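Here the structure comes first, spelled out in C-alpha cells, and everything after it is commentary.
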Amino acid sequence: MPDTTTAPTGSPRPPSILVTGATGNLGREVVDRLHAHGARVRCLARGQAGPRPGVEWAVGDLTDPAAVRAALVGIDAVFLIWPLLDAAPAHGLIAELVAAAPRVVYLSSTAIADEAARQSDPIVQVHADMEALLRDAGLRPTVLRSDTLASNARGWASQLKAGDVISGPDVARTAVVDERDVADAVVAALLAHPDRLDREPYVLTGPEVLSRAGQVVLLGTALGRRLRFQAVTAELARSRMLADGRSERLVEALIAASLRRPESHRTTDHVERLTGRPAGTFARWAIDHAAEFS
Ligand SMILES: NC(=O)c1ccc[n+]([C@@H]2O[C@H](COP(=O)([O-])OP(=O)(O)OC[C@H]3O[C@@H](n4cnc5c(N)ncnc54)[C@H](OP(=O)(O)O)[C@@H]3O)[C@@H](O)[C@H]2O)c1
C-alpha cells in the first residue's frame, strides 16, 4: 500500500510526517516504522526522546496553536492522537490543521457507539467529539478506531514486582490489540494513496476478546508465574489512583470507563486489510515483552 508524495518540483520525495504522542507507547512504534520506511519524521510531544538520526523533534503542547503551527511547516501527513479528557481545547489545533491542510490519520476508540447521542464514558466521548470536529472542519480524516492496547499492561509492572496478584477495577472484556499492529496499520494508512483508503472508520482489534483476568493469566504463562487478577471496588480503586497522584478528573474518567463501558465483543480483520497480515495475540505480546516484567 505504500505510496510516495510528489514534491512541487515534480520529483518523487519521501513524505514528511508529523507524529503526535511520539514519546508514548504507540507513538514510539509509529516513529520507528516510518523511519524504517524512509519517511521524513517530525515528532511532537511535550517531552523529548533521545536524539536519533533522521528524526526531528518539535517539543510542544497539542493545545498550543503556535507550537502546532510550527510543527506543521512542510508536513504532508499527520498521525494525530488526542490524549486529553476534553475536545474543547482542540479548536486551535483543528484551525492549524485546516490552514496547513495535511492528510490526517486520527487514532480513535472502538468503544464509540455511532448511534448513541452520548458515549458510555468521558474517554470515549472525547474520541467521538474529536472525530466530529475533524470531519466538520472538512479535513476528511482517516479514522482508525483502536481497541484496548496491549501496552496498557505495562501499568501492571510495579505490582508484579511485589507479588503474583494484579488488583484493579474490573472492566468489560475487550479485543485487546497489539500496539505494534496498530502502529503498522497507522503507517499503512499514512503512506497509502488516499483513494485506496476507506472513508468509514477502520476498527482495529486483536484476534480474541479477553477479560482482564484472562490477560493476567496469559501474562503469567509468558513469565512462568501463576498470576491472578483481583477486582477491587470503585471506591478502593479511586482512593488508590488518587494516592498515586493522578488528577481527580482522570480518576473519575477511568472509574466511569470501568463501570459503564460495555464489552467490545467484536473482532475484525481490519489490521490485515491495512497491513496485509493478521493481528497478533496478547499471548504473543506477553512473550515478546516478558523481560519488562522481571
Ligand atoms: N491505550 C489504549 O488502550 C487506547 C485505546 C484507543 C485509543 N487510544 C488513544 O491512543 C493514544 C496513545 O496511546 P498510548 O498508550 O501511546 O499513550 P501514552 O503512552 O500515554 O502516550 C501519550 C503521548 O501523548 C503525549 N501527550 C500527552 N499530553 C500531551 C499534550 N497536551 N500535548 C502534546 N503531547 C501530549 C505524551 O507525551 P508528553 O507527556 O511528553 O507530552 C505521549 O507521547 C491515547 O492518548 C488515546 O487517545 C488508546
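Just so you know, these numbers use all the heavy atoms, side chains as well, and skip hydrogens, waters and symmetry mates. Keep in mind it's a predicted model, so treat the numbers as computed, not measured. Whatever order the structure lists them in is the order used to number ligands and atoms, beginning at 1.
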Is the shortest side-chain heavy-atom distance between Lys161 and Trp156 below 4.5 Å?
no
Is any heavy atom of the protein nearer than 4.0 Å to atom 32 (N) of ligand 1?
yes
Should you measure from each heavy atom of Trp82, which atoms of ligand 1 turn up under 4.0 Å away?
47 (O)
Within-4.5 Å side-chain heavy-atom neighbours: Arg273 and Asp198
yes
Counting only heavy atoms not in Arg154 (residues, nucleotides, ligands), do more than 12 fall under 6.0 Å from its CZ?
yes
Please work out which of the three classes, parallel, tilted or perpendicular, describes the rings of Trp285 and Phe293, given edges at 30° and 60°.
perpendicular
For ligand 1, which atoms, with element, lie under 4.0 Å from some heavy atom of Thr148?
3 (O)
For atom 35 (C) of ligand 1, what is the closest protein heavy atom, and at what distance to 0.1 Å?
Arg46 NE, 3.8 Å
For atom 44 (C) of ligand 1, is the nearest protein heavy atom closer than 4.0 Å?
no
Show the nearest heavy-atom pair for residues Thr148 and Arg212, with the distance to one decimal.
OG1-NH2, 3.4 Å
Please determine whether any non-hydrogen atom of Asp147 lies less than 4.0 Å from an atom of ligand 1.
yes
Numbered in order shown, the ligand 1 atoms found under 4.0 Å of a heavy atom of Asn152 are 1 (N), 2 (C), 3 (O)
Could you pull out, from Gly155, Gly21, Ser108, Ser151, the option with a heavy atom nearest to atom 23 (C) of ligand 1?
Gly21
Under a 4.0 Å N-O cut-off, is there an ion pair linking Asp64 with Arg46?
no
Would atom 41 (O) of ligand 1 count as contacted, meaning some protein heavy atom under 4.0 Å?
yes
Atom CZ of residue position Arg277 - does it have more than 12 heavy atoms of other residues, nucleotides or ligands inside 6.0 Å?
yes
What atoms of ligand 1 come closer than 4.0 angstrom to any heavy atom of Ala22?
43 (O)
Ala111 near ligand 1 by a heavy-atom separation under 4.0 Å
no
N or O contact, Leu149 vs ligand 1, cut-off under 3.5 Å:
yes
Polar atom proximity, Thr23 to ligand 1 (N or O, under 3.5 Å):
yes
Just wondering, do Asp61 and Val68 contact through their side chains at under 4.5 Å, heavy atoms?
no
Salt bridge check, Arg225 against Asp164: does any charged N sit closer than 4.0 Å to a carboxylate O?
yes
Polar proximity ligand 1 side, Leu44 side, N/O cut 3.5 Å exclusive:
no
Does Arg180 come within less than 4.0 Å of Asp184, counting only side-chain N to carboxylate O?
no
Contact with ligand 1 for Leu107, non-hydrogen, under 4.0 angstrom:
yes
